[in-house]
Amino acid sequence: MCVLIGNGSGVKLAEKIGNRYVILSGMLVMAASFGLLSTVSADSGFTVPAAALALLGLGAGLAMPAAVAALMGTIPADKADVGSALNDTIRQAGTALGIAVLGSLLTSGYAAEMPADAPEQARQSITGALATTDSALIGTAREAFTASMTTTFALSAIGVLAAAVLATLVMHDRKPQQPTEATTPQEPQLVA
């Protein structure tokens, strides 16, 4: 729902203020959502993660249409198919790489937070710890997981902020040029 709201708002805002600042706004909202996720603890309920995920959807919804429009605006019309394929490739590769990097950070952070004398399955994943009947181990695993999650999301927020600054510095909005009389297309005239 929030992605749809962000998409609709992002398209309208981009028409008024340009893609550059809509992308910046969306990325700042995304960074704020990661910052909010970094505050989650083992005792937190679902309210903070739900609010953070709603913000993440809103930010992505704002930024994505403007980013696609900015990319496609640099591609000549006769190469639009290549531009669209490039956009899809970059998006899919970025998603896969992001999941791999953040997942690795989360997993390694969790393993580092777990006690060395914990069973192997519990040190490998929180699912393994939750499968045991040891309530002390389950509590330790929850603390380890949220501590690792805090670090991972804090690094995510920093990464998105850095990308927002970079995008703002390198992007230039292309304003639509107003047609002049010399460039206004003329209707073809029939010669009798």
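Counting only distance, with no hydrogens or angles, the side chain of T151 and the backbone of A147 share a donor-acceptor pair below 3.5 Å. Looking at T150, its side chain does come within 3.5 Å of a backbone N or O of S38 through a donor-acceptor pair. T39 contributes a side-chain N or O that, together with a main-chain N or O of L36, makes up a donor-acceptor pair within less than 3.5 Å.
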For this session: With side-chain contact (heavy atoms from CB on, under 4.5 Å) as the test, would you mind laying out the steps for L24 and R20 before giving the verdict?
Result: CA-CA 6 Å; L24 174 63; R20 180 182 188 189; over 6 Å; no
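When the side chains of ILVMFWY residues are joined at heavy-atom separations under 4.5 Å, either directly or via intervening members, L28 and Y21 end up in a single hydrophobic cluster. At a threshold of 4.5 Å between side-chain heavy atoms, the hydrophobic network of Ile, Leu, Val, Met, Phe, Trp and Tyr places L130 and F145 in one connected group. The hydrophobic clustering, which links ILVMFWY residues whose side-chain heavy atoms are closer than 4.5 Å, places M30 and V40 together. Put simply, L106 and F34 are part of the same group of oily side chains (I, L, V, M, F, W, Y) that touch within less than 4.5 Å, one to the next. Under the 4.5 Å side-chain contact rule for hydrophobic residues, M149 and I138 share a cluster.
Scanning both residues, A70 and N19, for their nearest heavy atoms gives N-ND2, 3.6 Å. Between A63 and I23, the closest heavy-atom pair is O-CG1, 3.8 Å. The minimum heavy-atom distance linking A122 with M114 is given by the pair O-CE, 3.7 Å. The two atoms that bring P65 and N7 nearest to each other are CG-OD1, 2.8 Å, heavy atoms only.
Among residue pairs with one or both ends in residues 131-146, none qualify as side chain to side chain donor-acceptor pair (under 3.5 Å); sequence neighbours excluded. Screening residues 105-115 for side chain to side chain donor-acceptor pair (under 3.5 Å) gives no qualifying pairs among residues at least two apart or on separate chains.
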If you look only at distance, which donor and acceptor atoms sit under 3.5 Å apart when one is on a side chain in residues 79-88 and the other is two or more places apart or in another chain?
residue: D88; atom: OD1; partner: R91; partner atom: NH2; Å: 3.0

Report, one line per pair, each donor and acceptor closer than 3.5 Å where one atom sits in a side chain of residues 152-167; sequence neighbours left out.
residue: T152; atom: OG1; partner: S148; partner atom: O; Å: 2.9
residue: S156; atom: OG; partner: T152; partner atom: O; Å: 2.9

Side-chain polar contacts of residues 44-62 - donor-acceptor pairs under 3.5 angstrom, sequence neighbours left out - could you list them?
residue: S44; atom: OG; partner: S41; partner atom: N; Å: 2.9
residue: S44; atom: OG; partner: S41; partner atom: O; Å: 3.4
residue: S44; atom: OG; partner: S41; partner atom: OG; Å: 3.3

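Residues satisfying the side chain to side chain donor-acceptor pair (under 3.5 Å) test with E120, not counting sequence neighbours, are R123, Q124.
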